[in-house]
Amino acid sequence: MTKRLKKTLKESVNPQQLEAVNSIKGPVAVFAGAGSGKTRVITYRIAHLIDKGIPLGNILAVTFTNKAANEMKERIGSLLDLDTKELWIGTFHSICLRILRRSGKEIGIRQDFAVFDNEDSLSLIKDCMKESNIDIKRVNPRSVSKAISDSKVALVSSDEYSKIAGNGYFIDIVSNVYSLYEKRMRENNALDFDDLIYKTVLLFQQKHEILDKYQELFKHILVDEYQDVNAVQYELLRLMASKHKNIFVVGDDDQSIYAFRGADPSYMLRFQKEYKGSKVIKLEENYRCSKMILSAANCIVQNNENREQKKLWTKNEDGAKVKLVVCSNEKDEAQKVVQLIQDQVKNKSRSLNDFVVLYRINAASRNFEEALVSETIPYQLVGGFKFYQRKEVKDFISYLRVVINPDERVSINRIINYPKRNIGAVFVKKIEQVAYEEKCSFYKACNVLLEKKETVARGRKGLKEFIDIIETARNTLENGTLFDVAKLIYEKSNIVQSLENEFPEYLAKEKIANLGELLTAINRFEGGYDRKEPILQAYLSDVTLYTDLDQMNKKEEKVTLMTIHSVKGLEFPIVFMAGMEEGLFPHYLSNSKKDALEEERRLCYVGFTRAKTELYLSYAMNRELYGKTNKTTSSRFLDEISEDLIETLRISLVGDGKSGLRKQISSVNRSKKDFSKGIKVEIEDLTKGKIVCHKVWGHGLVMELNEIDGEYIVKIDFDTVGERMLNYKYAPLRILEDSEDSEKEIDTD
DNA sequence: CACCTTGTGTTTTTT
DNA sequence: ACACAAGGTG
């Protein structure tokens with residue numbers, strides 16, 4: 001081992017981590033709790049392998065995101081001061097893509113196949129269903145898509161699936177659609193996300209000499225987030241590792257949050273049985289979270305029955321209690337969270353990069369965006385509606401896709417009549433008919449139709465325009481740059497004019513700006529391009545496989561917004577988890593099933609353990625969802641946190657909550673606790689200005705008291721829900737003898 | 001063929 | 001609330 005690496009290792013890893021780094025022969029499983037430094041272990045282990053003289057090209061590392069892969073490459077590069085391009089580091093999907101590009105032809109997959117994202121794939125499934133006369137209203141295409149995806153994960157081909165046909169209405173439909181879908185995918189020269197892994201397994205199963213080649217290539221295999229491996233991924237790893245058995249997996253069964261796409265944490269628990277003589281290492285020291293946060297996280301996850309017992313501990317400080325923020329509705333919640341961020345930035349000179357706001361569903365991002373915009377705080381939204389999924393961007397990309405792959409009907413369908421060229425459904429049918437008669441592709445049929453003098457259909461002119469764009473673009477690609485191609489499409493396609501006509505000015509501007517951004521991105525991609533693969537092909541697979549999580553940057557000052565799923569593997573000094581309500585988190589679709597509920601709990605655990613020093617939880621007492629405002633109940637997860645680890649933070653936004661106004665912030669223990677400490681409220685206590693405590697709504701200011709028909713109606717302004725009228729007879733109110741003392745005011749001007 | 005209206009259903013998490 | 005599909009009209 002080189003001196004330098006040895007020194008670095010000694011300084012930066014503990015004995016268990018060192019053992020994991022040094023055990024380079026044979027199968028090794030590392031059970032690594034949250035924040036126990038597993039990324040560090042993988043990084044140093046690769047560096048160690050290289051240091052031992054293993055060629056870079058013989059090391060395969062599977063990471064959860066492409067960003068993690070790039071970061072790892074960089075760190076190894078700077079650790080050893082060498083070029084890491086030869087390393088095989090990436091997600092399952094990107095590694096399989098590379099393998100199939102190189103060797104897919106062995107099982108009839110063309111080298112230039114397209115990659116379909118979920119939207120493309122769903123659109124093709126709908127077409128298949130329509131073609132099979134299946135009523136899309138009766139059978140949800142998404143559930144069919146899910147069934148097909150599940151089959152591929154379970155390594156069940158369409159032929160095998162059809163054997164179980166006859167066992168029910170839905171199964172028969174899936175069987176039909178699955179076969180047709182596979183046929184159409186071949187015609188489209190396309191693979192979907194599941195195919196990338198599934199077909200690689202098929203390749204290895206069917207072509208032993210190819211498998212042999214890759215087994216020799218990947219002498220050392222490392223897998224991160226092993227608890228989220230599914231059946232097809234497991235099989236892939238098993239095949240590749242079966243010869244040398246140098247497989248190193250790292251995971252944490254408490255952080256398994258992808259069961260919905262087939263992940264099975266039991267592969268982690270079964271590792272020792274599958275790989276005889278394997279070594280097991282446990283990393284139980286957490287270096288990330290404060291004691292308070294770690295304890296709260298443990299409170300949650302220990303309620304799961306299906307888990308390995310373990311004791312994660314930390315030497316870190318106790319830290320502050322977890323803060324609970326109770327809000328009246330989702331807008332109020334967003335305002336309060338933003339307010340708390342602003343206070344910290346102003347009073348504790350925190351960087352905006354220290355904060356992340358987490359939520360269960362993407363749709364919840366909107367209120368936070370609005371609140372941040374109105375306070376002009378810069379933010380980055382990760383996930384959700386991704387740049388490359390925006391309609392105008394995808395339409396533009398579709399042109400590029402057809403240029404490189406004219407067989408791809410899904411993209412042709414998107415753009416043949418966009419912008420409008422008088423090519424409607426009838427004309428498309430006509431082209432399909434010609435394709436059928438001439439036994440040629442749809443694209444070819446377009447040309448045939450243009451040759452024919454007798455086609456005087458209204459769409460003829462439009463069709464000629466369309467074909468011209470594609471053909472000129474293809475010529476440009478051969479003789480010019482990719483950027484030239486993009487510019488040509490930008491100018492000739494009329495998308496810009498179409499957007500201007502279609503949308504009000506401000507929207508059109510935004511969309512056109514997106515296209516401008518796309519052109520810039522293409523130019524930048526081309527500038528830094530140094531691979532052998534044809535550039536357009538590489539660009540297109542990159543944009544479908546790369547998520548914007550991969551582009552997340554920490555350079556600019558920004559608050560980060562994302563789902564709890566997306567935050568896996570990351571850490572932030574201060575974490576906000578919003579929407580801690582029953583039905584939202586745990587999500588109501590997970591309520592009925594025990595396994596699903598345990599997954600929600602793990603998700604909660606993942607969220608908590610992202611926080612280094614402060615954790616804020618919030619919920620709204622009323623939430624608008626799917627057009628209706630509903631009263632909510634706070635999440636059961638809040639009740640699972642032991643009382644001494646959490647306190648309620650009461651924030652009242654004086655005035656309308658806009659900036660520049662004085663805000664009153666006060667912190668007391670959980671209102672529940674105060675309520676139990678309090679004494680019964682007498683009618684004489686209900687004078688204006690008195691502070692009382694309500695069982696559910698916490699503290700409030702008495703506004704007025706009226707006697708109506710012998711009943712006392714009191715109007716109270718609650719910090720949590722605003723003004724409420726309550727009947728004294730029934731209201732669960734109590735009063736604290738020293739209630740005023742717990743108030744403290746912070747001027748935030 | 002394009003546009004508009006109406007009605008219907010649907011609502012997690014990601015590569 | 002929103003998206004999408006279908007149906008009717010110019």
Side-chain angles (χ1 to χ4, degrees), chain A residues 62-69 90-97 115-119 121-123 126 129-130 135-143 146 149 152-153 191-198 225 228-230 232-233 256-263 330 358-364 366 382-384 386 388-389 391 417-428 457-459 462 501-502 541-550 562-569 579 583-591 596 599-600 602-604 606-607 623-630:
Chain A
V62 186
T63 58
F64 200 69
T65 62
N66 291 297
K67 181 174 179 259
T91 59
F92 275 108
H93 292 89
S94 62
I95 284 164
C96 288
L97 176 90
V115 180
F116 275 12
D117 67 13
N118 286 340
E119 192 196 359
S121 148
L122 188 65
S123 132
K126 278 184 194 166
M129 288 174 75
K130 283 173 191 163
D135 187 358
I136 281 178
K137 277 182 180 155
R138 274 192 64 175
V139 182
N140 185 345
R142 291 172 73 169
S143 61
K146 175 84 170 69
S149 171
K152 289 180 179 177
V153 166
L191 298 181
D192 62 28
F193 283 143
D194 298 311
D195 284 334
L196 291 176
I197 303 168
Y198 176 48
E225 309 282 7
D228 280 326
V229 158
N230 62 28
V232 64
Q233 290 166 342
S256 166
I257 54 174
Y258 284 95
F260 69 90
R261 65 175 199 209
E330 70 281 348
L358 303 177
Y359 33 79
R360 176 67 237 268
I361 59 171
N362 280 306
R366 208 171 142 175
V382 178
K386 298 174 186 80
Y388 286 102
Q389 291 181 341
K391 188 183 174 298
N417 196 34
Y418 181 82
K420 299 260 150 63
R421 296 188 184 94
N422 277 320
I423 304 173
V426 182
F427 197 46
V428 170
R458 264 204 288 175
N501 295 333
E502 229 178 315
S541 15
D542 269 25
V543 299
T544 32
L545 245 46
Y546 270 62
T547 67
D548 52 16
L549 190 63
D550 300 325
M562 60 175 122
T563 63
I564 312 171
H565 280 89
S566 299
V567 83
K568 183 159 95 153
L584 195 59
F585 193 32
H587 196 272
Y588 73 98
L589 291 172
S590 310
N591 264 344
E599 177 146 316
E600 295 283 301
R602 290 193 292 271
L603 193 56
C604 186
V606 168
R623 183 172 293 269
E624 186 184 311
L625 208 62
Y626 312 128
K628 276 203 302 266
T629 300
N630 296 309

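So that the names make sense, note that chain A is the first sequence line, chain B the second, and so on, each numbered from 1.
Considering only side-chain atoms of A:E600, the nucleotide from B:dT14, B:dT12, C:dA1 that sits closest is B:dT12. For A:N362, the listed nucleotide lying nearest its side chain is B:dT14; candidates were B:dT11, B:dT12, B:dT14. Side-chain proximity of A:K126 to B:dT14, C:dC4, B:dA2: nearest is C:dC4. Distance from the side chain of A:F193 is smallest for B:dT15 among the nucleotides B:dT12, B:dT14, B:dT15. For A:R142, whose side chain is taken as the heavy atoms from C-beta onward, the closest listed nucleotide among C:dA1, C:dA5, B:dT12 is B:dT12. Taking the side chain of A:T91 as heavy atoms from C-beta on, and the options B:dT15, B:dT14, C:dA1, the nearest nucleotide is B:dT15. Of the candidates B:dT11, B:dT12, B:dT14, B:dT12 carries the atom nearest the A:R360 side chain, counting heavy atoms from C-beta on. Listed candidates were B:dT14, C:dA5, B:dT11. Nearest to the side chain of A:R261 is B:dT14. Closest to the side chain of A:F427, from the set B:dC1, B:dT14, B:dT12, is B:dC1. The listed nucleotides are B:dT14, B:dT15, C:dA6; the one nearest the side chain of A:N118 is B:dT15.
In this structure, the CD1 atom of A:I361 is 8 Å from the C1' atom of B:dT11, given to the nearest Å. Nucleotide C:dA6 holds its P atom 8 Å from the CG atom of A:D135, rounded to whole Å. If you take CZ of A:F116 and P of B:dT15, they are 20 Å apart, rounded to a whole angstrom. Atom CD1 of A:I257 is separated from atom P of B:dT13 by 13 Å (rounded to the nearest Å). At whole-Å resolution of the value, NZ in A:K420 and P in B:dC4 are 10 Å apart. With rounding to whole Å, A:N501 atom CG is found 14 Å from B:dC3 atom C1'. As a whole-Å value, the separation of A:Y388 OH from B:dT15 P is 15 Å. Distance NZ (A:K146) to P (B:dT11): 14 Å, rounded to an integer number of Å.
Using a 5.5 Å limit on the distance between ring centres and a 30° limit on the angle between planes, the aromatic ring of A:Y258 does not count as stacked on the six-membered base ring of B:dT13.
Between A:S566 and B:dT14, a side-chain N or O to OP1/OP2 separation shorter than 4.0 Å is present.
Taking atom P in both C:dC4 and B:dT13, one finds a spacing of 15 Å when rounded to whole Å.
Residue contacts shown for A:D117 are absent, as no nucleic acid heavy atom lies under 4.0 Å away. In this structure, A:I423 reaches the sugar-phosphate backbone alone: every heavy-atom distance under 4.0 Å involves primed, P, OP1 or OP2 atoms, never a base. Residue contacts for A:E599: at a heavy-atom cut-off of 4.0 Å it reaches no nucleic acid atom on any strand shown.
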Worksheet item: A:E330 and A:R366: salt bridge (charged side-chain N to carboxylate O under 4.0 Å, His left out), yes or no, with the steps?
Response: CA-CA 10 Å; A:E330 70 281 348; A:R366 208 171 142 175; over 6 Å; no
Item to complete: Check the pair A:L358, A:T563 against side chain to side chain contact (heavy atoms under 4.5 Å, CB included), reporting the backbone distance first and the verdict last.
Response: CA-CA 5 Å; A:L358 303 177; A:T563 63; over 6 Å; no
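Evaluation of atom-type donor-acceptor distances gives no pair under 3.5 Å for the side chain of A:N66 against the base of B:dT15. You'll find a donor-acceptor pair under 3.5 Å spanning the side chain of A:H93 and the base of B:dT15, going by distance alone.
Between A:E600 and A:R360 there is a salt bridge, with a side-chain nitrogen of the basic residue lying less than 4.0 Å from a carboxylate oxygen of the acidic one. Salt bridge status for A:D228 with A:R261: absent, with no side-chain N to carboxylate O gap under 4.0 Å.
For the pair A:K391 and A:Y418, the cation-pi criterion (under 6.0 Å, within 45° of the ring axis) is fulfilled.
Taking each heavy atom of A:T63 and A:A68 in turn, the nearest pair found is CB-CB, 4.1 Å.
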